K.L.:
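My questions all concern the structure below.
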Amino acid sequence: MSHTHCAELPLDLVISGGGMAGSMLAYVLLSQNPGLKLAIIEQSAELATDQQPSKASFDSRSIALAHGSVELLQQWGLWQELQQSGCAIKHIHISDRGHFGKTYLNAADHQLSALGQVIEVEAIGEVLWQKLKAFTAQGRLSWFYNDAISALKPTAELQQIRLRSGAQLQSKLLVIAEGGLSPSRTLAGFELKSDDYQQHALIANIGLAESHQHKAFERFTPTGPLALLPLTRQRYSLVWTLTPEQAEHHLNQNDTGFLAALQQAAGHRAGVFKTVGQRVVYPLSLKRATEAARHRTVLLGNSLHNLHPIAGQGFNLAIRDIYSLSVLLQQHQTDAGSYALTKAYQQARLPDMQQVILYTDSLVRLFSNSSRLMALGRNTGLFALNLCPELKQAVANQAMGLNSIRQLKALLTRA
Ligand SMILES: Cc1cc2nc3c(=O)[nH]c(=O)nc-3n(C[C@H](O)[C@H](O)[C@H](O)COP(=O)(O)OP(=O)(O)OC[C@H]3O[C@@H](n4cnc5c(N)ncnc54)[C@H](O)[C@@H]3O)c2cc1C
């Protein structure tokens with residue numbers, strides 16, 4: 001895809017950041033609104049291989065998509081092509097290393113064929129890339145690669161955007177989807193709350209001796225939670241929370257040493273680990289903006305909420321950001337950046353985000369602590385989940401993203 005510097009007329013929307021959230025938003029809005037024109041600004045260079053929009057976002061990670069998110073992807077015409085790369089989670093097994101509490105969640109108990117799906121983000125990138133190419137060819141989507149916003153000047157009617165390359169854009173709405181670090185978020189005057197968890201996540205794909213039978217494992221170890229998510233081709237996607245020093249140690253171990261250490265931490269219920277792919281380490285923090293919208297500007301995806309991956313909620317939340325903006329744009333077609341739209345977006349996103357942050361943050365704090373008292377609480381908690389179907393239903397609904405989508409639908413119809 002080539003640079004297209006043709007945007008002199010005001011655009012409906014400019015998206016800064018062509019990663020998972022920004023590209024998916026562009027696809028959803030362009031496919032739902034035939035007259036819409038938009039531009040994406042992406043700081044990384046266009047790839048010579050013409051394969052993916054942004055290697056920075058579409059890396060070797062896998063993500064768990066909640067049942068509710070899969071329903072939205074189906075509605076948007078994306079799941080049909082993605083499903084061949086997805087692996088269903090039919091059971092979730094939660095346990096605490098060295099303690100007796102365990103709980104199981106089964107899709108069948110909720111009359112579902114799957115609790116969620118695990119998918120490699122590269123597969124999402126490829127599908128979006130192919131779809132966006134068609135819009136670029138039609139002249140409805142312009143890309144500004146290797147570029148970034150250098151100045152913003154909002155007026156009553158428009159957002160005036162200057163880029164590092166010297167290009168100038170005018171847009172009714174600016175969507176900032178630049179990931180967790182997002183310099184434009186600061187330029188636009190948003191404030192950020194930030195907590196560093198002092199933990200790192202080690203990510204890798206693990207090959208198994210036998211089938212995983214669509215089971216996901218979440219195990220709480222003294223260093224933090226360890227999650228194994230079922231992937232296609234008899235593999236698990238591993239997210240292992242560790243101290244920075246331990247993460248460094250396991251990153252540099254040889255494959256045999258690493259697999260032995262992982263097997264010991266995960267236990268044998270998850271199966272016998274045979275191979276390990278590329279290992280990558282991410283520092284973990286919780287960052288969230290105090291507002292979701294300002295004048296003619298909204299935040300989306302990790303620029304709005306950057307969560308600990310313990311509960312696999314980050315991109316699911318981004319999918320609901322996209323859903324909210326798409327519904328609101330249908331309701332406010334004459335002006336994509338009107339006060340009514342940005343206000344309704346903020347009202348739809350903040351409560352959902354706060355709920356997920358509270359849920360994720362309590363899990364991190366509860367399960368990253370090795371004190372006896374906390375372990376007792378955890379085990380009682382896990383037992384309680386098994387014994388009390390209502391509590392278990394609440395946890396399953398949160399994991400499947402069902403509560404949030406129900407609440408959102410109600411909120412957006414009132415907007
Ligand atoms: C280890 C790990 C495991 C995870 N597992 C799950 C999971 O199981 N389930 C789940 O729902 N979520 C999960 N997540 C979260 C998920 O990965 C994020 O929600 C998702 O990547 C957010 O996408 P994004 O597009 O907002 O940000 P990013 O992926 O960070 O993309 C931002 C894009 O903006 C570009 N950019 C940056 N700055 C600028 C700029 N100034 N100008 C222009 N472009 C810019 C970047 O190059 C990039 O292309 C996980 C995250 C991690 C770290």
Side-chain angles (χ1 to χ4, degrees), residues 14-26 39-47 52-66 68-70 73 89 116-121 124-125 128 143-150 152 161 163-165 174-188 197 199-204 216 218 225 227-231 237-242 247 279-287 299-322 353 356 360 399 401 404:
V14 166
I15 303 173
S16 187
M20 296 230 285
S23 303
M24 193 174 284
L25 175 75
I40 298 182
I41 307 160
E42 169 54 50
Q43 74 170 7
S44 57
E46 185 181 11
L47 289 181
Q52 282 168 16
S54 160
K55 200 67 190 161
S57 184
F58 299 100
D59 58 12
S60 55
R61 221 175 323 158
S62 299
I63 53 163
L65 293 172
S69 301
V70 174
L73 294 179
I89 305 176
Q117 296 275 342
V118 185
I119 193 155
E120 284 158 284
V121 296
I124 304 181
L128 284 174
W143 285 86
F144 294 83
Y145 279 109
N146 218 347
D147 217 340
I149 297 176
S150 60
L152 287 173
I161 303 163
L163 304 190
R164 264 190 333 222
S165 61
L174 168 66
V175 180
I176 299 176
E178 298 172 353
L181 298 174
S182 185
S184 307
R185 179 178 53 198
T186 317
L187 266 186
Y197 287 123
Q199 288 177 332
H200 284 186
L202 187 150
I203 312 298
E218 183 113 40
L228 289 161
L229 304 171
L231 269 188
S237 159
L238 165 74
V239 182
W240 193 0
T241 316
L242 295 157
R279 280 166 260 167
V280 184
V281 166
Y282 296 85
L284 299 177
S285 61
L286 166 67
K287 293 198 198 80
L299 300 179
L300 185 108
N302 273 16
S303 294
L304 179 58
H305 39 69
N306 195 354
L307 310 180
H308 192 297
I310 181 177
Q313 298 276 332
F315 195 61
N316 291 286
L317 206 47
I319 287 179
R320 302 203 288 275
D321 298 342
I322 296 169
M353 194 174 123
V356 172
T360 308
S404 330

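In each ligand, atom 1 is the first atom listed, and ligand 1 is the first ligand listed. Just so it is clear, the structure is predicted and the values come from calculations on it, not from any experiment.
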K.L.:
Within less than 4.0 angstrom of ligand 1, does Pro183 place any heavy atom?
P.N.:
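Yes, Pro183 has a heavy atom closer than 4.0 Å to ligand 1.
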K.L.:
If we set the cut-off at 4.0 Å for heavy atoms, which region of Ser69 has an atom near ligand 1: side chain, backbone, both, or neither?
P.N.:
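For Ser69, there is no contact with ligand 1 at all, from either part.
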K.L.:
N/O to N/O below 3.5 Å, does that happen between Leu300 and ligand 1?
P.N.:
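Checking ligand 1 against Leu300, no N or O pair falls under 3.5 Å apart.
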K.L.:
Who gets closest to atom 7 (C) of ligand 1 by heavy atom: Gly19, Ser182, Ala64, Gly125?
P.N.:
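Looking at heavy atoms only, Ala64 sits closest to atom 7 (C) of ligand 1.
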K.L.:
Tell me the contacting part of Gln313 for ligand 1: side chain, backbone, both, or neither, using a 4.0 Å heavy-atom threshold, strictly below.
P.N.:
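It is the backbone that touches ligand 1; the side chain stays farther off.
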K.L.:
Could you check which of Arg164, Glu178, His200 puts a non-hydrogen atom nearest to atom 42 (N) of ligand 1?
P.N.:
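When every heavy atom of Arg164, Glu178, His200 is considered, Glu178 comes closest to atom 42 (N) of ligand 1.
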K.L.:
Which is closest to atom 26 (O) of ligand 1 by heavy-atom distance: Thr241, Leu284, Asn302?
P.N.:
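Ranked by closest heavy atom to atom 26 (O) of ligand 1, first place is Asn302.
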K.L.:
Within the 4.0 Å heavy-atom shell around Ala177, which atoms of ligand 1 are there?
P.N.:
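Answer for ligand 1: 32 (C), 33 (C), 34 (O).
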K.L.:
If the contact criterion is a heavy-atom separation under 4.0 Å, does Asn316 count as touching ligand 1?
P.N.:
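Distance cut 4.0 Å: Asn316 passes for ligand 1.
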K.L.:
Give the atoms of ligand 1, by number and element, whose distance to some non-hydrogen atom of Ile41 is under 4.0 Å.
P.N.:
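Close to Ile41: 43 (C), 44 (N).
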K.L.:
Between Tyr282 and ligand 1, which residue portion shows a heavy-atom distance shorter than 4.0 Å: side chain, backbone, both, or neither?
P.N.:
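For Tyr282, the contact with ligand 1 is made by the side chain alone.
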K.L.:
Show which atoms of ligand 1 fall inside a sub-4.0 Å distance from at least one heavy-atom site of Ser16.
P.N.:
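With Ser16 as reference, the close atoms of ligand 1 come out as 42 (N), 43 (C).
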K.L.:
Below 3.5 Å, N or O to N or O, backbone or side chain included: is there any such pair between Ile203 and ligand 1?
P.N.:
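No - when backbone and side-chain N and O of Ile203 are compared with those of ligand 1, no distance drops under 3.5 Å.
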K.L.:
What residues form a side chain to side chain contact (heavy atoms under 4.5 Å, CB included) with Leu242, not counting sequence neighbours?
P.N.:
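In terms of side chain to side chain contact (heavy atoms under 4.5 Å, CB included), with neighbours along the sequence ignored, Leu242 is linked to Leu202, Thr223, Trp240, Gln246, Ala247, His250.
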K.L.:
Please say whether Ile63 places an N or O atom under 3.5 Å from an N or O atom belonging to ligand 1.
P.N.:
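By distance alone, the answer is no.
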K.L.:
Check each atom of ligand 1 against the heavy atoms of Gly301 and keep those under 4.0 Å away; list them by number with element.
P.N.:
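Here the atoms of ligand 1 in question are 26 (O).
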K.L.:
Taking Glu178 for the side chain and Ser184 for the main chain, is one N or O donor matched with an acceptor at less than 3.5 Å?
P.N.:
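Yes; judged by distance alone, with no hydrogens or angles, the pair exists.
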K.L.:
Is there a donor-acceptor contact under 3.5 Å from the side chain of Glu42 to the main chain of Gly18?
P.N.:
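Yes, because the side chain of Glu42 sits within donor-acceptor range (under 3.5 Å) of the backbone of Gly18.
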